[in-house]
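What follows is a short report on a single structure.
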Amino acid sequence: MMAKEKLFQVGIKALITNDEGKILVLDSGDWHLKHQKRHWDIPGGRIQEGHSALHTLRREVEEEIGIKKIVKSKFFTAIISNFADIPVDGYKVGLLLMIYKVQVPKNSKVVLSDEHAGYEWVSASEAAKRLTYKYPPEFTNLLKNG
């Protein structure tokens, strides 16, 4: 008998850095505390049927932080989120995150949506610490080490 394979949704994430090499992290706020504890995250969301990864990346950056233009985006890594059992239509699914390094125009102003309670620009090592709740060591170690 074959083992049951896990179902996954695909999320697209933007690892945004500024000219000083700092990374944008977002405070999740309290809106979803039923399923998770309050945590830090990076902009992004799940890919929708018929949409490309780049379309999703642009849409989520605009929706979550109000920046309409992405100057550059480059695939960085793909990981399985620490959020292992997300309830979807009666099933528990995993979350595969495709992370892109993203540059936005200089002097872009961050305007948060209601999904987040705050943001900070932090060093890579600080971002690695703050993102450990949602992201596994394969990702946070990449942040710390370059």
Side-chain angles (χ1 to χ4, degrees), residues 5-33 35-89 91-146:
E5 293 181 6
K6 185 163 183 101
L7 297 175
F8 287 88
Q9 288 193 331
V10 177
I12 307 298
K13 290 289 187 172
L15 182 64
I16 300 173
T17 56
N18 65 15
D19 291 341
E20 299 165 8
K22 297 208 172 180
I23 295 171
L24 179 69
V25 293
L26 306 175
D27 178 348
S28 69
D30 296 331
W31 66 273
H32 61 330
L33 292 181
H35 306 292
Q36 303 134 6
K37 70 179 188 176
R38 192 168 185 162
H39 61 278
W40 291 93
D41 203 352
I42 54 178
R46 299 197 192 137
I47 205 164
Q48 297 172 351
E49 189 174 345
H51 291 185
S52 69
L54 190 55
H55 178 272
T56 301
L57 191 66
R58 287 186 176 124
R59 181 191 75 228
E60 291 294 335
V61 166
E62 183 175 351
E63 283 177 9
E64 292 188 16
I65 62 171
I67 296 175
K68 295 181 181 190
K69 186 174 181 186
I70 290 175
V71 176
K72 247 192 237 183
S73 64
K74 182 180 176 186
F75 180 75
F76 182 61
T77 191
I79 51 97
I80 304 294
S81 170
N82 289 342
F83 293 178
D85 293 315
I86 300 165
V88 176
D89 297 332
Y91 295 94
K92 295 215 180 221
V93 301
L95 186 56
L96 169 68
L97 298 175
M98 296 175 59
I99 301 166
Y100 289 78
K101 275 192 169 180
V102 172
Q103 290 181 345
V104 295
K106 197 173 187 169
N107 302 321
S108 292
K109 185 177 178 194
V110 174
V111 179
L112 291 178
S113 71
D114 293 342
E115 287 184 50
H116 302 286
Y119 72 93
E120 287 184 44
W121 291 96
V122 299
S123 68
S125 61
E126 181 62 23
K129 280 188 227 169
R130 293 190 190 194
L131 295 171
T132 57
Y133 177 68
K134 184 170 184 174
Y135 297 86
E138 301 97 280
F139 175 67
T140 56
N141 288 340
L142 279 175
L143 287 182
K144 284 190 274 194
N145 299 325

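Heavy-atom basis, side chains included; hydrogens, waters and symmetry copies ignored.
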What distance do [X] atom [atom1] and [Y] atom [atom2] have between them, rounded to the nearest 0.5 Å?
{"X": "K22", "Y": "T17", "atom1": "NZ", "atom2": "OG1", "value": "12.5 Å"}
{"X": "R46", "Y": "Q48", "atom1": "CZ", "atom2": "CD", "value": "11.0 Å"}
{"X": "K68", "Y": "R58", "atom1": "NZ", "atom2": "CZ", "value": "14.5 Å"}
{"X": "L143", "Y": "L131", "atom1": "CG", "atom2": "CG", "value": "6.5 Å"}
{"X": "R130", "Y": "I42", "atom1": "CZ", "atom2": "CD1", "value": "14.0 Å"}
{"X": "Y100", "Y": "I12", "atom1": "OH", "atom2": "CD1", "value": "5.5 Å"}

Which pair of heavy atoms, one from [X] and one from [Y], lies closest together, and at what distance?
{"X": "S108", "Y": "I67", "value": "CB-CD1, 3.6 Å"}
{"X": "A127", "Y": "V25", "value": "CB-CG1, 4.1 Å"}
{"X": "R38", "Y": "A117", "value": "NH2-CB, 3.3 Å"}
{"X": "A14", "Y": "L57", "value": "CB-CD1, 3.7 Å"}
{"X": "V71", "Y": "P105", "value": "CG2-N, 3.3 Å"}

Is the closest side-chain heavy-atom distance between [X] and [Y] below 4.5 Å?
{"X": "K13", "Y": "D41", "answer": "yes"}
{"X": "P43", "Y": "E60", "answer": "no"}
{"X": "V10", "Y": "M98", "answer": "yes"}
{"X": "L24", "Y": "W121", "answer": "yes"}
{"X": "L95", "Y": "F8", "answer": "no"}
{"X": "L112", "Y": "I65", "answer": "yes"}

Checklist entry - Would W40 and L26 count as a side chain to side chain contact (heavy atoms under 4.5 Å, CB included) if you check the C-alpha gap in whole Å, the side-chain angles of each, and the deciding distance to 0.1 Å? => result CA-CA 5 Å; W40 291 93; L26 306 175; 5.5 Å; no
Next on the checklist: As a quick check of understanding, evaluate side chain to side chain contact (heavy atoms under 4.5 Å, CB included) for L97 and F139, giving each step before the final call.
Outcome noted: CA-CA 10 Å; L97 298 175; F139 175 67; over 6 Å; no
Side-chain donor-acceptor distances from residues 73-81 under 3.5 Å, at least two apart:
{"unit_1": "S81", "atom_1": "OG", "unit_2": "F83", "atom_2": "N", "d": "2.9"}
{"unit_1": "S81", "atom_1": "OG", "unit_2": "K134", "atom_2": "O", "d": "3.2"}

